[in-house]
Amino acid sequence: NWVEDVCSQDGLLNSTATAYTNEGTVTIPGVIDKDLSSYCPTPAVALVKLCNGADANMPEEAPEVPLGGTLTYEYQITNTGGMALEDLVLTDDPEGVISWPQDTLAIDETMTCTYSRPANEAGLIANIGTVVAFGEGRDLVFDRDDVLVTDDDVSHCRVIGPQIEMDSEMAFSWLYR
């Protein structure tokens, strides 16, 4: 019962199934002292988003993709907490919900999937991935991939359109009317 009380403080965990408790005993002649300690695992998740193989957090790191080419986003979700995660949902702004091969993640497990779309507009593209998961006992884990949380990982890609290259040998003529 003591473990349940400790692990339910601050809403960390409402189940003793994954809690660990230990009782230490020190005995010297005439004195015995015992002390209880416990570990209450907490859920945590990390998201890394790549664009065409680059972890481009800043616009100047954005890989260049030709207009009409393919933008390929890779999402790596890692369970960095002390309990299994379930009901994982990944969304990407503005791409929407991204399908995953599974909706659970064991401790220290990483799952990777990709999403591709055509590069149909020139310019810098910046978007945000968000993963939501629940830990055992339905503890919410929320890792929004922007500056509001500790795991920042905005993805950037730069789509470049056709360009005209000029050299010093080119001549221009103007017609005035």
Side-chain angles (χ1 to χ4, degrees), residues 3-22 37-59 61-66 68-121 123-159:
V3 173
E4 185 174 323
D5 291 342
V6 169
C7 291
S8 64
Q9 290 178 6
D10 298 322
L12 289 177
L13 184 65
N14 293 318
S15 168
T16 59
T18 55
Y20 168 78
T21 191
N22 186 19
S37 67
S38 68
Y39 166 72
C40 302
T42 57
V45 65
L47 171 65
V48 174
K49 181 180 174 187
L50 308 175
C51 180
N52 286 33
D55 187 9
N57 296 324
M58 303 300 293
E61 299 170 335
E64 292 185 346
V65 180
T70 301
L71 294 169
T72 300
Y73 298 108
E74 180 178 307
Y75 305 89
Q76 301 167 353
I77 292 182
T78 302
N79 181 348
T80 58
M83 64 175 58
L85 299 175
E86 55 191 28
D87 298 330
L88 284 117
V89 176
L90 173 69
T91 57
D92 188 308
D93 173 24
E95 308 302 334
V97 175
I98 306 298
S99 296
W100 281 96
Q102 64 191 53
D103 70 349
T104 60
L105 210 54
I107 297 170
D108 294 326
E109 182 180 9
T110 297
M111 182 170 40
T112 302
C113 80
T114 58
Y115 171 81
S116 296
R117 71 171 182 87
N120 51 17
E121 288 186 38
L124 181 66
I125 298 171
N127 55 10
I128 301 168
T130 303
V131 61
V132 177
F134 290 92
E136 294 172 336
R138 305 300 293 170
D139 292 307
L140 179 65
V141 180
F142 185 76
D143 181 8
R144 173 98 186 237
D145 214 5
D146 64 15
V147 297
L148 300 176
V149 296
T150 59
D151 188 14
D152 299 332
D153 199 20
V154 175
S155 174
H156 292 88
C157 282
R158 186 176 310 279
V159 178

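Note that the numbering runs from 1 along the sequence shown for the chain. Worth knowing before you read on, the calculation uses all heavy atoms, side chains too, and leaves out hydrogens, waters and symmetry mates. Predicted, not measured: the structure shown is a model, and the values here were computed from it.
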Asks: Does a side-chain heavy-atom distance below 4.5 Å link Leu50 with Gln76?
Replies: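 Contact flag for Leu50/Gln76 side chains = yes.
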
Asks: Can you tell me how far OG1 of Thr130 sits from NZ of Lys49, rounded to the nearest 0.5 angstrom?
Replies: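 Lys49 atom NZ to Thr130 atom OG1 measures 9.0 Å (nearest 0.5 Å).
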
Asks: If every non-hydrogen atom of Met111 is compared with every non-hydrogen atom of Thr104, which pair is closest and at what distance?
Replies: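 Heavy atoms only, the tightest pair is CE-O, 4.4 Å.
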
Asks: For a quick test of reading the model, state the closest non-hydrogen atom pair linking Asn52 to Thr70 and the distance between them.
Replies: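 Nearest heavy atoms, Asn52 then Thr70: ND2-O, 3.1 Å.
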
Asks: Taking all atoms of both residues into account, what is the closest heavy-atom pair of Asn79 and Ala84, and its distance?
Replies: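 Closest pair (atom of Asn79, atom of Ala84, distance): ND2-CA, 3.8 Å.
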
Asks: Closest approach of Ser116 and Thr72, non-hydrogen atoms and distance?
Replies: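 Minimum heavy-atom contact is OG-OG1, 3.1 Å.
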
Asks: How many angstroms lie between CD in Glu86 and CD in Gln102, if you round to the nearest 0.5 Å?
Replies: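 If we round to the nearest 0.5 Å, Glu86:CD and Gln102:CD are 12.5 Å apart.
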
Asks: Should Leu85 and Ile77 count as side-chain neighbours, where that means a heavy-atom distance under 4.5 Å?
Replies: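 No, their side chains stay 4.5 Å or more apart.
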
Asks: Between Trp100 and Leu90, does the side-chain contact (heavy atoms from CB on, under 4.5 Å) criterion hold? Intermediate values first, please.
Replies: CA-CA 8 Å; Trp100 281 96; Leu90 173 69; 2.6 Å; yes

Asks: If you compare all heavy atoms of Pro118 against all heavy atoms of Leu71, which two are closest, and at what distance to 0.1 Å?
Replies: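 Looking at all heavy atoms of both residues, the closest pair is O-CD1, 4.4 Å.
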
Asks: Taking atom CD1 of Ile128 and atom OG1 of Thr91, what is their separation to the nearest 0.5 Å?
Replies: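 Answer rounded to 0.5 Å: 10.0 Å.
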
Asks: Could you go step by step and tell me if Ile125 and Val65 meet the side-chain contact (heavy atoms from CB on, under 4.5 Å) rule?
Replies: CA-CA 11 Å; Ile125 298 171; Val65 180; over 6 Å; no

Asks: Give the minimum heavy-atom separation between Thr80 and Ala46, together with the two atoms involved.
Replies: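 Closest heavy-atom pair between Thr80 and Ala46: CG2-CB, 4.0 Å.
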
Asks: Are Ile98 and Tyr75 side-chain neighbours, meaning at least one heavy-atom pair lies under 4.5 Å?
Replies: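 Contact flag for Ile98/Tyr75 side chains = yes.
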
Asks: Going by the rule salt bridge (Lys or Arg N to Asp or Glu O under 4.0 Å), which residues pair with Glu61 if we only count those two or more places apart in sequence or in a different chain?
Replies: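 Glu61: no salt bridge (Lys or Arg N to Asp or Glu O under 4.0 Å) contacts found.
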
Asks: Say whether, by atom type as modelled, one donor and one acceptor occur between the side chain of Asn127 and the main chain of Pro94 under 3.5 angstrom.
Replies: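 Not a single qualifying donor-acceptor pair exists.
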
Asks: Evaluate side-chain contact (heavy atoms from CB on, under 4.5 Å) for Glu121 paired with Val159, printing each intermediate quantity in order.
Replies: CA-CA 7 Å; Glu121 288 186 38; Val159 178; over 6 Å; no

